[in-house]
Asks: 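Structure incoming, see below.
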Amino acid sequence: SSPLWLEAPCVVRCGAALPDMDASSGPSGPEYETEEQLLLRFKSNAETGLTSAAAEQKLKEDGPNALEKPPRPTLLALFVAQLLGFIIILLICAAVASVVVNATGNKKDDVLSYTTGIAIFVIVLLNAGIAAWTENQAGGALEALAKMSQPCITVVRDGKDQSVDTETVVAGDIVLIGTGDVVPADLRLIEAFDVKVAEMCLTGEPDDVSKNAKLKAKPHPGAEEKLTPENMCFSSCSCTNGKGKGIVVATGMRTRIGEIAQHLTGGKTAAKKQCFCLPDTSTSQTPLQENVEKLGKRIGVGAIAVCIIVFVIGVAINTRDPDNQDSPSWLYMILIAVTLAVAAIPEGIPLCVTISLSLGSSSMVKEHVLVRKLAAVETLGSASVICSDKTGTLTEGKMTMVHMWAGGVKYDVSGKGFDPEVGGITRSQGNTDANAEVAVKTTLLSGLLCCNTTLSKVRDPDTREEKWEPKGNSSEAPIVVAAKKVGWGTDECAKDYKRIIEVPFSSSRKMMLTAM
């Protein structure tokens with residue numbers, strides 16, 4: 001199963017806000033504009049597209065078509081961030097005060113007199129180290145969103161079809177999409193031939209959504225709006241069927257997927273900084289962090305108040321150092337007050353909390369749950385009810401074939417994921433190998449010839465490992481993988497069996513027809 005990403009508690013709607021509503025004119029957006037209006041607004045042409053010069057100028061103005069990723073904090077930055085809590089600052093001040101008091105006292109040459117201050121410093125550093133190391137192990141939610149894109153896409157520029165880098169796509173570009181392509185930006189379709197798009201990254205729904213190029217009628221004010229209009233294709237959604245042409249209306253962080261990225265980075269509040277370089281997390285604290293912060297402030301204020309009262313009373317009654325009666329009373333009472341402050345602050349709280357959360361985080365990693373923020377473990381532990389969409393959240397949103405029937409016989413299909421090199425076909429009764437049986441091979445070949453999905457090995461840019469990955473309809477992927485297990489590859493069959501006619505799958509006919 002895929003890992004879950006947990007962060008500080010928040011409610012995020014996985015999608016974009018609906019267009020601004022105006023009581024007089026109703027909703028507005030590219031889905032309500034005609035093709036001519038869009039082409040005029042973006043100074044483009046449906047047949048020739050943008051010129052290379054115009055595209056280059058727009059790229060300079062709007063920036064690259066990519067999600068903005070704030071620099072990932074280094075281990076050192078995470079370590080320093082752990083030292084900025086109120087109770088931690090109190091402990092550091094207490095440790096410094098303890099060292100100063102002992103350095104100015106009669107036992108300044110005694111090494112053992114500094115053990116309290118040194119012990120507090122060790123506890124603070126150990127606490128910060130554990131928390132920083134744990135948080136550094138997780139992360140990468142934005143990287144996961146960025147991986148949804150593909151490196152190149154076909155656009156129309158200067159009157160010719162060109163393959164360009166997706167980061168160079170600009171508003172007004174005419175983009176051509178087909179089965180297996182990942183939509184590079186938010187598009188308003190102007191041509192669509194049986195186009196279906198997987199919008200799971202926006203809506204969480206596993207079913208492919210049919211798209212068309214029809215102009216969307218404006219609903220009455222107050223009427224319910226659809227999150228993903230039928231004439232729009234959104235960035236990072238994959239085209240699972242058909243082919244289409246669309247004009248780019250939004251790129252980068254202005255897309256729907258870009259709004260989700262803004263939620264992950266904290267939106268507009270992400271620009272806040274504390275101590276010049278560290279992010280401000282005061283608006284996204286967990287209940288545990290808030291309670292520890294409040295406890296630290298109460299203890300700090302209480303300790304300071306007690307110390308001031310003791311100091312005032314001691315000076316008022318002229319209390320002096322019994323070992324040195326000549327020293328002034330105020331100096332002796334300062335030493336007494338600081339000693340009381342050091343003793344009043346519970347230096348064990350941060351370490352106990354951090355160790356407990358680290359153990360909880362380690363336990364969750366064994367269950368394939370990655371925790372980006374250490375304090376989020378407590379939030380999950382205090383939850384009594386979790387309401388979550390299943391597909392893509394609790395599961396991977398991937399289908400695999402486990403059984404098939406051919407010639408009246410039931411067969412079992414084994415394996416893992418989309419790897420055709422793992423597992424095979426066996427008879428359900430007897431568990432005998434059936435990879436070479438004619439009924440199995442012909443049935444899977446027939447299924448493969450009615451699929452537009454391809455299966456190939458791709459290299460992961462991060463791990464540099466090769467893995468099998470289908471491109472196309474998610475419902476066809478299990479058929480393609482099972483066919484590959486018995487030796488039918490998509491590339492080889494496309495060469496040996498030239499397709500003459502194709503009648504696309506229809507939900508009413510519940511079938512697809514091809515002629516070779």
Asks: For N65 and V170, indicate whether the former's side chain and the latter's backbone hold a donor-acceptor pair under 3.5 Å.
Replies: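 No, because the side chain of N65 does not come within donor-acceptor range (under 3.5 Å) of the backbone of V170.
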Asks: Ignoring hydrogens and geometry, is there a side-chain-to-backbone donor-acceptor pair from R254 to D186 under 3.5 Å?
Replies: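 Checked: no pair found.
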Asks: Are I501 and T514 packed together at the side-chain level, in the sense that at least one heavy-atom pair is separated by less than 4.5 angstrom?
Replies: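 Counting from C-beta outward, I501 and T514 never come under 4.5 Å.
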Asks: Measure across D208 and A198 and return the closest heavy-atom pair with its distance rounded to 0.1 Å.
Replies: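 Where D208 meets A198 most closely, the heavy atoms are OD1-CB, 3.8 Å.
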Asks: Just jot down the salt bridge (charged side-chain N to carboxylate O under 4.0 Å, His left out) partners of E476, sequence neighbours excluded, or say none.
Replies: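 If we apply the salt bridge (charged side-chain N to carboxylate O under 4.0 Å, His left out) test to E476, skipping adjacent residues, there are no hits.
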Asks: Just grab all the salt bridge (Lys or Arg N to Asp or Glu O under 4.0 Å) pairs involving residues 438-450, residues at least two apart or on different chains.
Replies: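 Every pair satisfying salt bridge (Lys or Arg N to Asp or Glu O under 4.0 Å) with a residue in residues 438-450: there are none.
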Asks: side-chain contact (heavy atoms from CB on, under 4.5 Å) with Q429: which residues, sequence neighbours excluded?
Replies: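 With neighbours one apart ignored, the set is empty.
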Asks: Suppose we screen for side-chain contact (heavy atoms from CB on, under 4.5 Å). Which residues come up paired with T490, at least two apart in sequence or across chains?
Replies: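 Scan of T490 (side-chain contact (heavy atoms from CB on, under 4.5 Å), adjacent residues dropped) gives L448, T454, V480.
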Asks: Nearest 0.5 angstrom please: R256 CZ to S235 OG, how far?
Replies: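 These two atoms lie 11.5 Å from each other.
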Asks: Determine whether a donor-acceptor pair (N or O, by modelled atom type, separation under 3.5 Å) exists between the side chain of S163 and the backbone of T154.
Replies: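 No, because the side chain of S163 does not come within donor-acceptor range (under 3.5 Å) of the backbone of T154.
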Asks: Kindly compute the distance separating CG (L50) from CZ (F42), expressed to the nearest 0.5 Å.
Replies: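 Taking CG in L50 and CZ in F42, the distance rounds to 10.0 Å.
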Asks: Looking only at heavy atoms, what is the nearest atom pair of L59 and P64, with distance?
Replies: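 That closest heavy-atom pairing would be CD1-CA, 3.8 Å.
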Asks: May I ask you to test the I177-C233 pair for a side-chain heavy-atom distance under 4.5 Å?
Replies: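 They are in contact (side-chain heavy atoms under 4.5 Å apart), so the answer is yes.
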Asks: Between F234 and V183, is a side-chain contact (heavy atoms from CB on, under 4.5 Å) present by the stated rule, with each step listed?
Replies: CA-CA 6 Å; F234 298 99; V183 181; over 6 Å; no
Asks: Can you find a heavy atom in the side chain of L67 that is under 4.5 Å from one in the side chain of M253?
Replies: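 Side-chain contact under 4.5 Å: yes.
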Asks: Is V195 close to V197 at the side-chain level, that is, under 4.5 Å between some pair of heavy atoms?
Replies: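 Yes. Closest side-chain heavy atoms under 4.5 Å.
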Asks: Could you measure the distance from the CD atom of E502 to the CG atom of D194? Nearest 0.5 Å is fine.
Replies: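 Those atoms lie 8.5 Å apart.
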Asks: Going by side-chain contact (heavy atoms from CB on, under 4.5 Å), name the residues that satisfy it together with T48, two or more places apart in sequence or in a different chain.
Replies: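 Expected list: N45.
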Asks: Checking E421 now: which residues fulfil salt bridge (charged side-chain N to carboxylate O under 4.0 Å, His left out) with it, not counting sequence neighbours?
Replies: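 With sequence neighbours excluded, E421 shows a salt bridge (charged side-chain N to carboxylate O under 4.0 Å, His left out) to K457, given in chain and number order.
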Asks: Would K214 and N231 count as a side-chain contact (heavy atoms from CB on, under 4.5 Å) here? Give the steps.
Replies: CA-CA 6 Å; K214 297 178 182 178; N231 58 1; 5.9 Å; no
Asks: Using the rule side-chain contact (heavy atoms from CB on, under 4.5 Å), only one of V155, V248, L39 pairs with I174; which is it?
Replies: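 Output: one option passes, namely L39.
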Asks: Taking salt bridge (Lys or Arg N to Asp or Glu O under 4.0 Å) as the cut-off, I'd like each qualifying pair that reaches into residues 480-490, sequence neighbours left out, listed once.
Replies: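 Listed once each, the pairs would be none.
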Asks: Considering only residues two or more places apart or on different chains, which pairs with a residue in residues 407-416 satisfy side chain to side chain donor-acceptor pair (under 3.5 Å)?
Replies: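 Sorted pair list: H403-D412, Y411-E437, D412-S428.
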Asks: If every non-hydrogen atom of A171 is compared with every non-hydrogen atom of T251, which pair is closest and at what distance?
Replies: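 The pair with the smallest heavy-atom distance is N-CG2, 3.9 Å.
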Asks: Measuring from atom NZ of K211 to atom CG of L187, what distance do you get when rounded to the nearest 0.5 angstrom?
Replies: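 Going from the NZ atom of K211 to the CG atom of L187 covers 10.5 Å.
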Asks: Checking E466 now: which residues fulfil salt bridge (charged side-chain N to carboxylate O under 4.0 Å, His left out) with it, not counting sequence neighbours?
Replies: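 With neighbours one apart ignored, the set is R459.
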Asks: Residues in side-chain contact (heavy atoms from CB on, under 4.5 Å) with D433, at least two apart?
Replies: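 Once residues adjacent in sequence are excluded, the partners of D433 under the side-chain contact (heavy atoms from CB on, under 4.5 Å) criterion are N435.
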Asks: Identify the two heavy atoms, one from R427 and one from V409, that lie closest to each other, and give their separation to 0.1 Å.
Replies: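 For R427 and V409, the tightest heavy-atom pair comes out as NH1-CG1, 3.5 Å.
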Asks: Just wondering, do P30 and M232 contact through their side chains at under 4.5 Å, heavy atoms?
Replies: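 In contact.
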Asks: Write down the atom of R188, the atom of L38, and the distance for their closest heavy-atom approach.
Replies: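 Taking every non-hydrogen atom into account, CG-CD1, 3.1 Å.
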Asks: State, to 0.1 Å, how close F418 and W468 come at their nearest heavy-atom pair, and which atoms those are.
Replies: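 For F418 and W468, the tightest heavy-atom pair comes out as O-CB, 3.3 Å.
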Asks: Enumerate the residue pairs fulfilling salt bridge (Lys or Arg N to Asp or Glu O under 4.0 Å) with a member in residues 32-57, sequence neighbours excluded, ordered by first and then second residue.
Replies: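 The answer is E33-R41.
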Asks: What I'd like to find out is whether the side chain of W405 reaches to under 4.5 Å of the side chain of T443, using heavy atoms alone.
Replies: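 No, every pair of side-chain atoms sits at 4.5 Å or beyond.
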Asks: Taking it one step at a time, do N452 and R499 satisfy side-chain contact (heavy atoms from CB on, under 4.5 Å)?
Replies: CA-CA 11 Å; N452 291 320; R499 186 174 296 183; 2.6 Å; yes
Asks: Measure the CD-SG distance between E199 and C237 for me, rounded to the nearest 0.5 Å.
Replies: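 E199 atom CD to C237 atom SG measures 5.0 Å (nearest 0.5 Å).
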Asks: If we only count heavy atoms from C-beta on, is the T179 to K243 side-chain gap below 4.5 Å?
Replies: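 A side-chain contact under 4.5 Å is absent here.
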Asks: How would you list all residue pairs meeting salt bridge (Lys or Arg N to Asp or Glu O under 4.0 Å) that involve residues 155-167, not counting sequence neighbours?
Replies: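 Listed by first then second residue: R157-D173.
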Asks: Any side-chain to backbone donor/acceptor pair from D496 onto C493? Under 3.5 Å, distance only.
Replies: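 Here the side-chain-to-backbone pair does not exist.
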Asks: Going by an N to O cut-off under 4.0 Å, is there a salt bridge joining E61 and K58?
Replies: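 No.
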Asks: Is M516 close to K498 at the side-chain level, that is, under 4.5 Å between some pair of heavy atoms?
Replies: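 No, every pair of side-chain atoms sits at 4.5 Å or beyond.
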Asks: Supply the atom-to-atom distance S446 OG to W488 CH2, rounded to the nearest 0.5 angstrom.
Replies: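 Here the rounded value is 9.5 Å.
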